[in-house]
2 protein chains.
Amino acid sequence: MPEVMEISPPAPAPAPPDAAPQPLPGQSRYGWLAAGLRARITQGEWPPGAALPAEAALAKEHGVALGTLRQALALLVDQGLLERRHGRGTFVRGGLDGASMLRFFRFRHAGDLQAAPRSAIRARAVVPASAAAAEALGLPAGAPVLTLERLRSLDGRPVLLERITLPLPLFAPLAESDPAGWDDLLYPMFQRVCGVTVHRAEDQLGFALLSAADAALLGLPAGHPGAQVQRRAFDLAGRCVELRHTQGDALAFAYTAQVR
Amino acid sequence: MPEVMEISPPAPAPAPPDAAPQPLPGQSRYGWLAAGLRARITQGEWPPGAALPAEAALAKEHGVALGTLRQALALLVDQGLLERRHGRGTFVRGGLDGASMLRFFRFRHAGDLQAAPRSAIRARAVVPASAAAAEALGLPAGAPVLTLERLRSLDGRPVLLERITLPLPLFAPLAESDPAGWDDLLYPMFQRVCGVTVHRAEDQLGFALLSAADAALLGLPAGHPGAQVQRRAFDLAGRCVELRHTQGDALAFAYTAQVR
DNA sequence: CAGTGGTCTAGACCACCGC
DNA sequence: CGGTGGTCTAGACCACTGG
């Protein structure tokens, strides 16, 4: 089962009756189908959480055998785009929940039943993007971006300090609304307010000593070791829609990686 | 496609002509087949690197359609047990190469063309297992284990300090041979000398300051921040066959995690 | 109960590999 | 060229879900 996805998917709508609409360039039919379905999903024909038509219907619509259509769906499933539920249907996966940063840390304190993490926006600004940020977000050099500084707390104790960069035409609604009223989880709010689904992310982990100012915000001594997470988050279409630099107490860092 | 693997696989040999040999308890045929093939692999019928019989032959042997047999193979492929090569065959995957610890660090120095990492065994001993080690390795409390202390170097600079615990009946050959003659990569040597294939590992990443002695071995000042990797390595049958604690310069640590 | 995805079959033909 | 895995078909039947 090759993992590549072909380019130029077929037309979303059913084909004209003659002149075969799927001139398979040199690849598999199911790969082509998957690319077509992916396009219809990223274009919003089936929003996150919605159910696709039944397998039989999709197979008939594309004039293809059931097994072939199922192979296409399987591709999209292990790309994380779809989710199948036996007896219910095939659904477009929702976005990440935004609480995922805490998975890198162990902040439990002796038998605490964990309270929900709280979020406080400390600063918000519209600034020209740095060269690196523009590059990562696919913006022209110096394009305006929205930056946030955010402190996350557990049981009233500050535990994570985050600096977030968002591309600006897309996140304009957040440049105006009152941060005091924002949700504790950003990604569901991105979805609701800006229509942006954060679907996948790459987290680069590292360690560095905390600056005096950053350490103070986290209630730690200056020069305390900090765990650093540099995140690039992507939407359904694979475009980078967020840069996030997260710092926390290195001594609370714990993460399990699977090898092979 | 459920991911579970059924218990009590069918008999390895072809079935007696009557009295159906595969009394599917309540699960899928391909899951049952996969369990049977897995057993034959872990029992050494097809050693790592060897090719399985062709799909058609296996399907006929088990009295099953091609598609069903292919589903079973697909299960074992994404469990990492098998590897398929178009036009060549289906092969039992070899073990890990043992260089995988370095993937957590960036030790490049300005334009160096990287030399192969070197390994030096600093200490070897047979000792009673700690309670935690015995538990993890599935040994009785206080059973004898082989411990190694090992320093890995890049271009002559020490970069990683490792403390390794190995269960003893299994690794007895290593308790006697001369460590000076050992390979730089341990896992291929485990395979060759002890017949142990390291197939999968779980690495728990963390952070702690280095002790004065450990820091000295790494050429770092006492109390320098250290990245810690606590590894449990497993063989083809899923048994834990190695515990390894690795320390390195936290400031050289870099790892990228994929989020969903 | 009707509708969904999951399993399984028995074929055909294609694409890749190595000799 | 012969052997391998990869794709595709057109069906049948099973298992799960929800009203």
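Chain letters run A, B, ... following the sequence lines, proteins first and then strands; every chain starts at 1. The basis for the numbers below is simple: all heavy atoms, side chains too, and nothing from hydrogens, waters or symmetry mates. Note that this is a predicted model, so its numbers are computed, not measured.
- Atom-to-atom, CG of A:L73 to P of D:dC8 comes out at 14 Å; the value is rounded to the nearest Å.
- A sub-4.0 Å separation between OP1 or OP2 of C:dC16 and a side-chain N or O of B:R85 is absent.
- Comparing A:R88 and A:G67 by the nucleotide of DNA chain D whose heavy atom lies nearest to each, the residue mapping closer to the 5' end is A:G67.
- In this structure, of D:dC8, D:dG6, C:dG5, it is D:dG6 that holds the atom nearest to the side chain of B:H86.
- Atom-to-atom, CG of A:L69 to P of C:dG6 comes out at 12 Å; the value is rounded to the nearest Å.
- Using a 4.0 Å cut-off, some side-chain N or O of A:R84 falls inside it from OP1 or OP2 of C:dG6.
- Defined by atom type and a distance below 3.5 Å, a donor-acceptor pair is present between the side-chain atoms of B:S119 and B:R150.
- One can place CZ of B:F91 at 12 Å from P of C:dC17, the figure rounded to the nearest angstrom.
- Under the 30°/60° scheme for interplanar angles, the aromatic rings of B:Y255 and A:Y255 are found to be tilted.
- For the side chain to side chain contact (heavy atoms under 4.5 Å, CB included) with B:T90, the qualifying choice from B:R85, B:R70, B:R84 is B:R84, the only one to do so.
- Computed from coordinates, the B:L82 CG to D:dG5 P distance equals 11 Å when rounded to whole Å.
- Under 4.0 angstrom from either OP1 or OP2 of C:dT7 there lies at least one side-chain N or O belonging to B:Y30.
- Here the P atom of nucleotide C:dG11 and the CG atom of B:L66 are 11 Å apart, to the nearest Å.
- For B:A65, the listed nucleotide lying nearest its side chain is C:dT9; candidates were D:dG6, D:dC8, C:dT9.
- For the pair A:E55 CD and D:dC8 C1', the computed distance is 16 Å after rounding to whole Å.
- Position along DNA chain D of the nearest nucleotide to B:A56 versus A:G87 favours B:A56 as the more 5'-ward residue.
- The side chain of A:T90 contributes no N or O atom lying less than 4.0 Å from OP1 or OP2 of C:dT4.
- As rounded to whole Å, 12 Å separates atom C1' of C:dG5 from atom CG of A:L58.
- Ring geometry for A:F107 versus A:F105: interplanar angle under 30°, hence parallel rather than tilted (30 to 60°).
- Residue A:R70 places at least one side-chain N or O under 4.0 Å from the OP1 or OP2 atom of C:dG6.
- For the 3.5 Å distance criterion, the side chains of B:W182 and B:S177 qualify, holding a donor opposite an acceptor.
- B:T68 has a side-chain polar atom (N or O) that falls below the 4.0 Å cut-off from OP1 or OP2 of C:dT9.
- The distance from atom CG of A:L75 to atom P of D:dT7 is 9 Å, rounded to the nearest whole Å.
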